[in-house]
Each structure stands twice: as C-alpha cells, then as structure tokens.
Amino acid sequence: MKAVVIHAAKDLRVEEREAETPGPGQVDVAIEAGGICGSDLHYYNHGGFGTVRVREPMILGHEVAGTIKALGQGVSHLAVGDRVAVSPSRPCNECEYCLLGEQNHCLNMRFYGSAMPMPHIQGAFRQRLVAEAWQCHKVADGVSINEAAMAEPFAVTLHGVNRAGALLGKRVLVTGCGPIGALAIIAARAHGAREVVATDVMETVLKKALEIGADRVINVAETPEQLSAYSSNKGYFDVQFEASGNGQAVRSGLEVLKPRSVLVQLGLGGDVSIPQNMVVAKEIEMKGTFRFHKEFGLAVDLINQRRVDLKPLLTGTYPIEDAVAAFESAGDRAKSMKVQLAF
Ligand SMILES: [Zn+2]
Ligand SMILES: [Zn+2]
C-alpha cells in the first residue's frame, strides 16, 4: 500500500508500506479521504512546531474516513462494507488522566501522525489502516466520505465549545477563520449562540465565514475600528474563540470581551504578550483547549443527522500521488480552506 511520509521540512514522499492484518478487536479500513491539517502543514513546511521535530520518517495525517474491508476477531458492532470516520485519538485508558476522563491529556497518547514521542506515532495517510474498532464511527448513508473526514477538526472545535461552557444566548467572537475558526462558527451556532462575529485579514475566508453562519465579518487588516467599536461599555462579547494564534487577536479580543467572559485559545502562536491588567480588571477567564476525545462521536452524530453542514469548507481533493501539490495548495490560505487527499 501507499503512504504519505514526511522525512524533513519540504521532503514529503509517497512510499510503499507493508499492509497490516487486523488483530482481535481491530478492523482493516480502506482509507478514502484524508484532510490536511495545520499540524501536517507544520511538519511539511518547518519539519515540526515548537520544540517538536521530525526525527525519523513518519506517515502524516489524522483526519481520515474510509470503508471497512476486514474484521478482526470479536468485532460485532461493525461489518465489512461499513463506511466509518476513524478517531485518531488513541489514549491508554489506564493512566491517571484517562481515569479522570481527560483522555486528551493521556500520558501515553498515540495520536496519529505525531512526532512528540520517539518512536513517532505513524499517521493515517495510507491506503489501508488497521484501527481499533472503538475508534471507528459509522457514517450515515448519503453523507460523503469527505465530509466524514472532517469529523476530526470539527471535534477539536466541539471540545473548544465544551471548554467555553454553555453558549445558549451568548455573543461569540471568532478570531481567525481558517478551518478551525470556521468550524468554531458552525459549532457555536449548533450550540445556540445568539450572535457570531468573525474576524480575519483575508477577504476570501471572511466570505466563507459569512456563508457558513457568521452574522457579521470584519477584516481587521483593513477596518480594525469596526472591531474596536465593540469595546465601549466594557465590551460586548461573552465568549471569544481565538483561532488565529496571533497576539494582536488576543489583545483586541480582550478589549471587546465583557467582564467575566471567556477567551478560549484554539490557535497555536507561541509567545504572546497580553495586557494582564485587562484580564484582571475584567475578570476574564482564559482557557486553553487541546484536541478532544469523546467529542469525536458527537461530531460524527451531528454530521450524520445533518445538524451541521461542513461541505462548504472542502476546497478540493487530490489523489495521493499528488500529495506535494495538495500540501502546497493547503498551505495557501488565500485559495484553500480544507484540502483532502483521496487514496
Ligand atoms: Zn486535524
Ligand atoms: Zn492514558
């Protein structure tokens, strides 16, 4: 089978790998769609992020869906031919965090396509993937495999919503409208947000943000005063989902957030300076959010039941042979939202 392997920055190869056979409790999935994520792009463009570096060849990818081709022993709730979205979250279920129900903080997490541990955790951009049956969530008839493969980034934003707390009736600001910001808009809408205002610096993504459910969009490169107008009377928004990783987005968010509001940081930016006095004086809660676990099943359910429509986020699909072109296209924010590979 073919797999998409990162060797170093800008050194991405399509290579042959030995297919595996499913053991007890496992299934063999023919992968059909795989979304390229910001983390995959970091490995491709920079060879890693933060202190994490690719130190050995690693199959990329963790946003995948496909069709079951074989069942291991004892698998009863799935059948050959079922289409499934595969959760890349593989906690140990034994460490102290797993036992607390905080599997996203598992000490022995084997999340697909991660160079954090050594040996690296191989990813899911491959033609055949042997997965645990419990990772696989059935995709309803009529739902495209491409949309199913977006369950993973959607689950990231659903976890962000869980971190924010109840959104019913809340005014929400989303800063940064790439795939995660866009999905945060959809997630906030699905959870009863009263109003969603979204910001970015690029017209194309702002147009998309309007199309998928933002009430208003602001180009903060061209008209930042439209955002700062919300700062009167100590602010306007109850919740901010910060998906840009940009320090300025945090600072201007703090200005327009109301007292006792919540800022959920989804984007990874590095070292950012923030006006501490504003956090203190407005009693703002700043919350991080990292991956997901149980939200993956919810993401698939919402997609299956047509409670959300993620299709507008799909920019294009490339055959696995054109993986390099796909990664180049995915990295071009002006043209691409979510780019997927076909296997
Ligand atoms: Zn992802
Ligand atoms: Zn664990």
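Counting starts at 1 for both ligands and their atoms, following the listed order.
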**Request:** For the atoms NE2 of H62 and SG of C37, give the angle they form at the Zn ion (ligand 1), rounded to 10 degrees.
**Result:** 100°
**Prompt:** Can the ring centroids of Y43 and F49 be said to lie less than 6.0 angstrom from one another?
**Reply:** yes
**Complete:** Here the gap from L158 atom CG to H191 atom NE2, rounded to the nearest 0.5 Å, amounts to 6.0 Å
**F290 and H105 aromatic ring geometry - parallel, tilted or perpendicular at 30°/60° bounds** = parallel
**Request:** Classify the ring geometry between F327 and F125 as parallel (under 30°), tilted (30 to 60°) or perpendicular (over 60°).
**Result:** perpendicular
**Asked** Is the cationic atom of R291 (NZ for Lys, CZ for Arg) positioned less than 6.0 Å from the six-membered ring centroid of F111 and within 45 degrees of its normal?
**Response** yes
**Prompt:** Protein N/O/S atoms under 2.8 Å of the Zn ion (ligand 2)?
**Reply:** C92 SG, C95 SG, C98 SG, C106 SG
**Message:** Below 2.8 Å, can you find an N, O or S atom of D40 next to the Zn ion (ligand 1)?
**Reply:** no
**Item:** Pairing of R128 and E18 as salt bridge, 4.0 angstrom limit
**Value:** no
**Carboxylate-amine/guanidinium proximity below 4.0 Å for E63 and K338** = yes
**Item:** Minimum heavy-atom distance between L341 and T317, given as atom pair plus value
**Value:** C-CG2, 4.1 Å
**Request:** Looking only at N, O or S atoms, find the one in E152 nearest to the Zn ion (ligand 1) and name it.
**Result:** OE1
**Item:** Which N, O or S atom of E63 lies nearest to the Zn ion (ligand 1), by name
**Value:** OE2
